[in-house]
There are 2 protein chains.
Amino acid sequence: MRGTTSAKIRVTIVEDDAGVCEGLSFLIDGSPGLRCVSTFGDAESFLAAHHSQRADVVLMDIDLPGMSGIDATRDLRRRAKPPLVMMLTVYGDDGQIFESLRAGACGYLLKTTPPAQLVDAITTVYHGGSPMSETIARRVVASFQQPSPKARALADLTLREREVLDLLSRGFRYREIADRLEIGLETVRTHIRHIYDKLEVRSRTEATAKYLGGEVS
Amino acid sequence: MRGTTSAKIRVTIVEDDAGVCEGLSFLIDGSPGLRCVSTFGDAESFLAAHHSQRADVVLMDIDLPGMSGIDATRDLRRRAKPPLVMMLTVYGDDGQIFESLRAGACGYLLKTTPPAQLVDAITTVYHGGSPMSETIARRVVASFQQPSPKARALADLTLREREVLDLLSRGFRYREIADRLEIGLETVRTHIRHIYDKLEVRSRTEATAKYLGGEVS
DNA sequence: GGCAATATCCCCCTTTCGGGGGATTGAGGA
DNA sequence: TCCTCAATCCCCCGAAAGGGGGATATTGCC
C-alpha cells in the first residue's frame, strides 16, 4: 500500500511522558519491520515537524500539554497524505473513543496493551486493519446497538402520526404531506397538532429535532 | 462473567453448510475451554430450540435458508438472557456489517479467518471483547469518520452561521436567536439566508435535517 | 349500548418564514 | 491600495405554519 513491501513501517510517537516515549521507541526499533522515525512530546511540535518527518503510522497520546491528541489527529487529516493514526492512551471513556474515531484515528489501544500486541497492532493498522483493545471494540460495537432515537419519539404516536412526522421532518409542506398520504390538508394539520401535543413541542423543527435525536451531543 | 471460571464456554453454531458446520464443531470441541453444545442448519430451528440449549456464544452465519442470521440475531436480543452472537460469514459488505451490529452482534468474522484466530475470537467475545476481521474493523471505524453530518453542514459555514444554525435547528424562532446572540432580527435573517444558500435547502426543517444527519438510515 | 381512540375534514385567526432587494463596517488577502 | 468576505442592519411582500374552535365515521373494547 505504501512504500515497498520490504521497507520498514515508519512510526512516529507523540507522547508527553518521556519515559513511555523512550520505551515505545525502543520497542518499535527492536521489532523487525518497524522503525521509529521520530518522537514528540506535544502535538504542536509534531504538527509543525510532520512535513519533513513523514511517518506511516503515528502513535498518538490523547492527554498532551496544550493541544490534545484528538485535535492533532483532526488537523492531520486535513493534510495531503495523512499518516495512519493509532490512539494509545490510558483513558477509555466513550467520549474520547468516539471523538478520536471521528477525528480520524484508525485504531485505539489502551496503554495497558502488552508490547507484543502493540507491535502487532501497528502492523495491522498499516495493512488496513483497525486494532482496538477488547473493551474499546465492544463499546464501538455497542454504539451501533443503541435503539435509534426514532424509536423514542415514535413511542406515543399512532401509525398515521408517525407517517406524518416522518414526512414533516423531511421538510415536506403540509400540502405535500396531504398529497403523499392522499388525505386532506386539514387532516394533516390535525395530526400535526396531535404530534406536537404528544412530543410537547411547538414547531416543526422541534419535532424534527426530537424525531432525529436532536438532544444528542 | 457467566458460569464459573472453570466451565467451558458453550458454543452454538448456526450454519447451513453441513461441512463447514461439522468442521467448526470439531474445531471448537478440540479447543480447551470451548464446547460446541449444538448446531443448527437454519435460523428457525435454532430460535425454536434455543430455550433448552442455552449457549454462551453463538456463531451465526448470515446467509441461511429462510430467515437470515441477522434477523435471528435481532429476535434473540429480545429474549431474557440473550447469548453473545458472533457473525461468521463470507460477506463483508457494509450493509450486512452494520445491520448485524445494529441487530446485536458482538463480533464479525469472515469465514476466511484462520481456525486459531476463530477460537481466540470466541474467547474474546465471551470476555467482553468484540473481535472483528481486520477489514471489518476498519470499516466500522471508518463509519465514524465519514465527516459527521454536523461537520458536513458546518464545512462551508462561517462561525456565526454555525451558531445560528445550531439555534435554528433547536427550534428557536428568529427573534429568540437574535436575542440569544444579541444581534438584530434582520441579521439573523441574513445569516439564515446564507445558510440556506450554502446548504441548498429552502426551509428550516431541511437545514435541521442536514445538520442533524436526517438522511441516515 | 356507550365510550375511547383513531382518522378524517372544516372554519376562524395571528405569527413566523422565506425570498427579493440593498447597505455599512472592519479585517485580511491580492 | 483595492477587493473580498464576514457580520451587521433595513424594507417589502406573499406563503407557510401554528393555535383555537368544532365535526363526522370507524373501530374495538368494556
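What you see below is based on every heavy atom in this structure, not just the backbone, and it leaves out hydrogens, waters and symmetry mates. Sequence lines set the chain letters: A, B, ... in the order given, protein chains first and strands last, and positions in each chain run from 1.
Between the P atom of C:dG18 and the CD1 atom of B:Ile195 lies a distance of 11 Å, rounded to the nearest Å. Across the protein-nucleic acid pair, B:Glu200 atom CD and C:dG19 atom P stand 13 Å apart, rounded to whole Å. Remark: C1' of C:dT24 and CD1 of B:Ile183 are 16 Å apart, rounded to the nearest angstrom. Counting to the nearest Å, the P atom of C:dC17 and the CD atom of B:Glu206 are 15 Å from each other. When the C1' atom of C:dA23 is taken as reference, atom CD of B:Glu186 falls 12 Å away, rounded to whole Å. At whole-Å resolution of the value, CD1 in A:Ile177 and P in C:dC9 are 14 Å apart. The distance between atom CG of A:Leu168 and atom P of C:dC17, rounded to the nearest whole Å, is 14 Å. Between B:Lys198 atom NZ and C:dG19 atom C1' the separation is 18 Å, expressed in whole Å.
Taking for each of B:Thr190 and A:Glu161 the nucleotide of DNA chain C with the nearest heavy atom, the 5'-most of the two is the partner of A:Glu161. Take the nearest nucleotide of DNA chain D for B:Leu181 and for A:Val201: the residue whose nucleotide is more 5' is B:Leu181.
Among the protein residues, B:Arg175 comes within range of no part of the nucleic acid, since none of its heavy atoms lies under 4.0 Å from any strand. Residue B:His194 is out of contact with every strand shown, counting any heavy-atom pair closer than 4.0 Å.
Side chain of A:Arg138 to backbone of B:Val125: a donor-acceptor contact under 3.5 angstrom is found. A donor-acceptor pair under 3.5 Å is formed between the side chain of B:Thr158 and the backbone N or O of B:Glu161. Of the possible polar contacts, one joining the B:Ser68 side chain to the B:Ile70 backbone as a donor-acceptor pair under 3.5 Å is found.
Taking the 5' to 3' direction, DNA chain D first and last meets chain A under 4.0 angstrom from a heavy atom at D:dA16 to D:dG21.
Contact check, B:Tyr196 against C:dG18: a side-chain N or O comes under 4.0 Å of OP1 or OP2.
Under the rule for a side chain to side chain contact (heavy atoms under 4.5 Å, CB included), the partners of A:Ser25 that lie at least two apart in sequence or sit in another chain are A:Ile13, A:Asp29, A:Cys36, A:Thr39.
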Working for side chain to side chain donor-acceptor pair (under 3.5 Å), residues A:Ser45 and A:Asp42 | CA-CA 6 Å; A:Ser45 58; A:Asp42 63 283; 2.9 Å; yes
For A:Thr12 and A:Ser38, what are the C-alpha separation, side-chain angles and deciding distance, and is it a side chain to side chain donor-acceptor pair (under 3.5 Å)?
-> CA-CA 5 Å; A:Thr12 282; A:Ser38 54; 2.8 Å; yes
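Among the nucleotides C:dT6, C:dC12, C:dC9, the one closest to the side chain of A:Thr187 is C:dC9.
More than 12 heavy atoms of other residues, nucleotides or ligands sit less than 6.0 Å from atom CD of B:Glu176.
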